[in-house]
2 protein chains.
Amino acid sequence: MRWSELETEPCPVARAMSVIGDRWTVLLLRDALRGVTRFEEFHRRLGCSRAIVSERLAHLVERSILVREPYELHPPRHDYRLTESGRALGPLLMTMSNWAETWLPGTSAYRVRRIHKTCGHAFQPVIQCSECGEPVAPGDVEHVDPRARLRTPAQKPA
Amino acid sequence: MRWSELETEPCPVARAMSVIGDRWTVLLLRDALRGVTRFEEFHRRLGCSRAIVSERLAHLVERSILVREPYELHPPRHDYRLTESGRALGPLLMTMSNWAETWLPGTSAYRVRRIHKTCGHAFQPVIQCSECGEPVAPGDVEHVDPRARLRTPAQKPA
DNA sequence: AAGGTCAGTTCAGAAAATAAACTTAAGTGA
DNA sequence: TCACTTAAGTTTATTTTCTGAACTGACCTT
């Protein structure tokens, strides 16, 4: 199966991966969320080839995560700005960063401090249940796969 | 820059990507979090080559996201179980799924229902501030990069 | 006019991914 | 006993993608 074929999968995780399922894409988004908008700056921060930066930016523009807007006409220059759906990836990146800080060794030296503007404190993102408002621990979740009844081995047709 | 070199980056997002920065790895984790433990089942669900499944499972075992445990001796058979740090990726996958369901077209038909066991309701994950307990909207976060003072253009030394 | 910046494109070689076949060890059924 | 199936991989040949480095072109600074 090809990367591009993931787009047609019904599972939302697979579809998310078709958009952000690439290390360089995620690092681009990380920098975009920290305010980077220019090609050279993305390239400098990522340290990968210019071709990759160019290709991945185009990919994100195509998927409406970024928009490419001119900021200068002579010579033509553009910057890459997050759309609403792009900004909505902020909590995802935060959660990812938080996981790495908690579970991977060697991240303690580099802690991006996140300030919650409305309360003014440095904070950690906590996953909360939309229904009861309590924090959700990893073991507290049960998945009900909509396709499960079609193929769970436990199921025995009469 | 190579993928393996990301591991030595100080940024937690980059380090997280060195572990889970691959579409197949994330899909493996998705299925592991839904209870899959066997090679053949992972392969069947992912639809990618067996070599990839084999390599990615080994990668996750090496990084202590999964453990490989024998469940049968003749012939030797193993299953792959999530460690604590692996289970801790649940909220990340949930957040990713939720983003796709909200922002990508075509995911509405397939909605994995998540039940919060402690309250019994189907729920959406909401990112909450660890300090004030309020939900964090994408625009509510300010990043303070620990390296920022070394290179922010806005900064003017007296 | 030489050098620098910005935003890319092009290219050849290296690395990785792919599908399909093969392996090993056992169990199933006729 | 022979053929088929399950499980968990490995191997192989081909295709695709990535990489670093050079190149382009329009402008700006000194």
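Atoms considered below: every heavy atom in the structure, side chains included; atoms not considered: hydrogens, waters and symmetry mates. Letters A, B, ... mirror the listed sequences (proteins, then strands); counts begin at 1.
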B:Phe42 near the nucleic acid: base, sugar-phosphate alone, or nothing, with a heavy-atom cut-off under 4.0 Å? nothing

Check each of B:Leu82, B:Val26, B:Ile20 against B:Leu89 using the side chain to side chain contact (heavy atoms under 4.5 Å, CB included) test, and report the only one that passes. B:Ile20

What nitrogen or oxygen pairs link the protein and nucleotides 23-29 of chain C at under 3.5 Å?
none

Could you check how far CG of B:Leu46 sits from P of C:dA17, rounded to whole Å? 13 Å

Residue-phosphate contact under 4.0 Å: B:Ser54 side-chain N/O, D:dT10 OP1/OP2: yes

Of the listed C:dA17, C:dG8, D:dT19, the closest approach to the B:Ile52 side chain comes from C:dA17

Nearest-angstrom distance from the residue atom CZ of B:Arg56 to P of D:dG9: 15 Å

Closer than 4.0 Å, any side-chain N/O of B:Trp24 to the OP1 or OP2 of C:dT18? yes

May I have the step-by-step check of salt bridge (charged side-chain N to carboxylate O under 4.0 Å, His left out) for B:Glu41 and B:Arg44, ending in yes or no? CA-CA 5 Å; B:Glu41 180 66 7; B:Arg44 200 173 63 72; 3.1 Å; yes

Whole angstroms only, please: what is the CD-P distance between A:Glu40 and C:dT5? 10 Å

Spacing between B:Phe39 atom CZ and D:dT5 atom P, to the nearest angstrom: 20 Å

Taking only N and O in the side chain of A:Arg44, is any of them less than 4.0 Å away from OP1 or OP2 of C:dT5? no

Check whether the side chains of B:His78 and B:Arg68 place a donor and an acceptor atom closer than 3.5 Å, and report yes or no. yes

Integer-rounded Å distance: C:dA7 P and A:Arg38 CZ: 6 Å

Taking it one step at a time, do A:Lys117 and B:Glu142 satisfy side chain to side chain contact (heavy atoms under 4.5 Å, CB included)? CA-CA 7 Å; A:Lys117 287 187 198 169; B:Glu142 200 185 311; 4.1 Å; yes

Minimal non-hydrogen separation, A:Leu66 against A:Thr83, with atom names: C-CG2, 4.0 Å

Do B:Glu40 and B:Arg50 sit within salt-bridge range, that is, some charged N less than 4.0 Å from a carboxylate O? yes

5'-most by nearest nucleotide on DNA chain C - B:Glu55 or B:Arg50: B:Glu55

Take atom CZ of B:Arg23 and atom P of C:dT18, then tell me their distance rounded to the nearest Å. 7 Å

Between D:dG9 and B:Tyr80, is there an OP1 or OP2 to side-chain N/O distance shorter than 4.0 Å? yes

Would you indicate what A:His43 reaches in the nucleic acid, counting non-hydrogen atoms under 4.0 angstrom: base, sugar-phosphate, or nothing? nothing

Parallel, tilted or perpendicular: which fits the ring planes of A:Phe42 and A:Tyr80, with parallel below 30° and perpendicular above 60°? perpendicular

When the distance from CG of A:Leu28 to C1' of C:dA7 is rounded to whole Å, what number comes out? 14 Å

Atom-to-atom span, CD of A:Glu41 to P of C:dA7 - whole angstrom: 10 Å

